[in-house]
Amino acid sequence: RTTGGIYAPPFTTKNYTDILATSKVFDWMLNSAIVSIGQTLLTLVISTLAGYGFARTDFPGKRVVFLLVLAGLAVPEQAIIVPLHTMFAFADMHNTYAALIAPRLAFPFGVFLMTQYFKGVPREIEEAALLDNASRLKIFFRVVLPLTVPAQATLGIYTFLHAWNEYFWPLVSATKPEMYTLTIGLAAMQTNFAQTEGIGFLMAQAVFAGLPILILYLFFQRHIVTAVAGGVSK
Amino acid sequence: MSRKHLMALVVAGATALATNAHAQKTEITFARFFGACDSDYGTSTEVEKARGECGVMTTLVNHFNATNKDNIVVKPQIIEWGPYYQQLTARIAARDLPNIAVMHTAQIGDFIRSRVVDPIEDDLKAAGIDIEDFTPHARAGVTFNGKVHALPWDTHSWLWHVNVGIFKQAGLVDAAGKPIMPKSVDELLAQAKAIKEKTGKPYFIMASVAAGDAGNAARTFYTLLYTQGGNLFPSGFDKANFGTPEAKTAFETVERIAKEGYITKGVDGAGALGGFIGGNGAVLLTGTWRIDDMLAAAAKPDSGLKEYTARIFPNLFKQDAVWADNHSWVMPRGANNDKQRAAARVFLKYLWDQNYQWARGGGHLPIRKSVMAEYAKLPERPNVMRITEIGKALPHDVRRQFGFQSLIGEEVNNMINGNKASAQALKDAQERADQLLARR
């Protein structure tokens, strides 16, 4: 019997029960959730604040700083992994949630996205609020920020997805099994040579790891479509 | 004393005892690959019944933790095989060293040069491990500058897994029904032609497309090189030479086989394994670790692999030799205080005592001469035992051996899949090897 073809009974759920029977798999899922949610929330805070600053305020060197931020888009992860690892090793921070979350908070794409979106919000709305003696912070939180929900949803989902699927940085930073994220933990379960037999197990791992993302997408699909179709282009 | 006071005393006493017992346990971390299989072996301590690398390794640790009288707890740290050394290096940089770590002997040299691995002869002797019982290949694998730096765990090597049924169909068996192994390249090509004509099947099945498949092609190349008495480093260990007659012959041999259509193309690991078990090729090129799987597959009534035997990669040139490596256990420098070191010695001695079980269940060859007689009773094992004498590897002074394996394997696979001629593949291998060794 070969595994050729899509329909090859008998079907089995053993591959899923094998995953669920692994004592640490829910710990890994929790780690992934903490890292992904933490990264998402903090990235949203930093990117929206930075984006508003670039879009609406004037300060010396603003253009240069913005260009420096954009230059970060051109730097691949692999180019900075060694100094990043050394830095966190020096601070004795490996195997912590902070080490897993912090490196990704400086997110040039997020700053760029929010800057462009804030630029698209009509200035008249803010001017009207200014006339009512609202402070800059109040204008930001009460007037402008609610208008950027589609962009925030896009950025949030993109960041969450990226954080959930991240592999390389957790591989070298979370080296204690109790700190593994789901991607690292599931990969460690594979036998030698990347599971060249038992492909069913490999496929079950992929489904298991992707399920939370799929559920998230189903809930936020509307925001993603709205953002892509029209909101972001404003 | 009231009953309440007595109860409180008893509880306090029990808590103190428990805390004290817990405080005396020595934990040692045990970094390894070999996968995780909690669903099948998570709580099992029945080592004799375990199958596969994961099963045997898991039950060994469970059994040790359940039975040792020294209050030692071994905590496995399971790491994916592919990036194992990347993660280990990152851990070293972060000063997060495991007490014991698995290491291929091909890699130990780099870690010795980085001052991470030291000799452990004294530890092994203190643990009661007899170095004189190491097989020749195992001893050579763990000995650097005249000193033993690791406890060898197994020898693994490159085989021909043979579908005897296909050899029979092509009339390539002797009077006893055993497959006739070729003794030269011309004989091999003649056999491959006969099998193709009479069965329509390729002579060789080998995975050659994924990044992880580079090892298959590299081990085939190394074996073809060693059987010619070839040397990839004739002028010193900082400069590989792919222009030697033996290296060229090795590449050209594979090219001839591929051009005639006698080896599968564009097949990955799962496809190769499934294809061979399905009876779609005469010889599967893979390692000793697959013997048990093949025996199990051949035993199934509906298997395409009707009759199976394992053979050491034949000598097609002038001397018996085959690529072979070892898994071994090291104690990284600075990872162990005195108490942990003593505990690690006890665990290493336990592993040493269980070496036969690892070989039985994991599919590799044992590293102890004294268990070879027991090992020889297992099916097909007598055919491969000589590997412990003829197994060869790159010299210890060659740096970045896994990098070498990748680049050689990629170039050979490129040839097999028709993307390069041997001359270009050799040239590219030379260039890449020079770049690899130029980095300090």
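Here is the naming used below: chain letters follow the sequence lines, and residue numbers restart at 1 for every chain. What you see below is based on every heavy atom in this structure, not just the backbone, and it leaves out hydrogens, waters and symmetry mates.
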Would you say CZ of F54(A) has more than 12 non-hydrogen atoms from neighbouring residues, nucleotides or ligands within 6.0 angstrom? yes
Under 4.5 Å from any heavy atom of chain B - which part of F88(A): neither
Other residues, nucleotides, ligands: >12 heavy atoms within 6.0 Å of F90(A) CZ: no
Using a 4.5 Å heavy-atom cutoff, which residues in residues 166-176 of chain A come close to chain B? Y167(A), L171(A), V172(A), A174(A), T175(A), K176(A)
K300(B) atom NZ: more than 12 heavy-atom contacts under 6.0 Å: no
Rounded at 0.5 Å granularity, tell me how far NE2 in H94(A) sits from CZ in R91(B). 12.0 Å
Heavy-atom pair of closest approach, residues S39(B) and D18(A): OG-OD1, 2.7 Å
Which heavy atom of Y180(A) sits nearest a heavy atom of I79(B), and at what distance? OH-CG1, 3.6 Å
State, with a plain yes or no, whether a side-chain heavy atom of H85(A) is found less than 4.5 Å away from one of T89(B). no
If you count heavy-atom pairs under 4.5 Å between each of C54(B), G52(B), G42(B), P83(B) and chain A, which one has the most? P83(B)
Out of P76(B), A90(B), G215(B), return the one with the most heavy atom pairs under 4.5 angstrom to chain A. A90(B)
Among I78(B), L88(B), D268(B), the residue with the most heavy-atom pairs under 4.5 Å to chain A is I78(B)
If you measure from CG on D38(B) to CE on M189(A), what distance do you get to the nearest 0.5 Å? 7.0 Å
Please state whether the side chain, the backbone, both or neither of D40(B) comes within less than 4.5 Å of a heavy atom of chain A. side chain
Would you mind checking which part of P98(B) comes under 4.5 Å of any heavy atom in chain A, side chain (CB onward), backbone (N, CA, C, O), both or neither? neither
Minimum heavy-atom separation for A89(A) to R95(B), with atom names? O-NH2, 3.1 Å
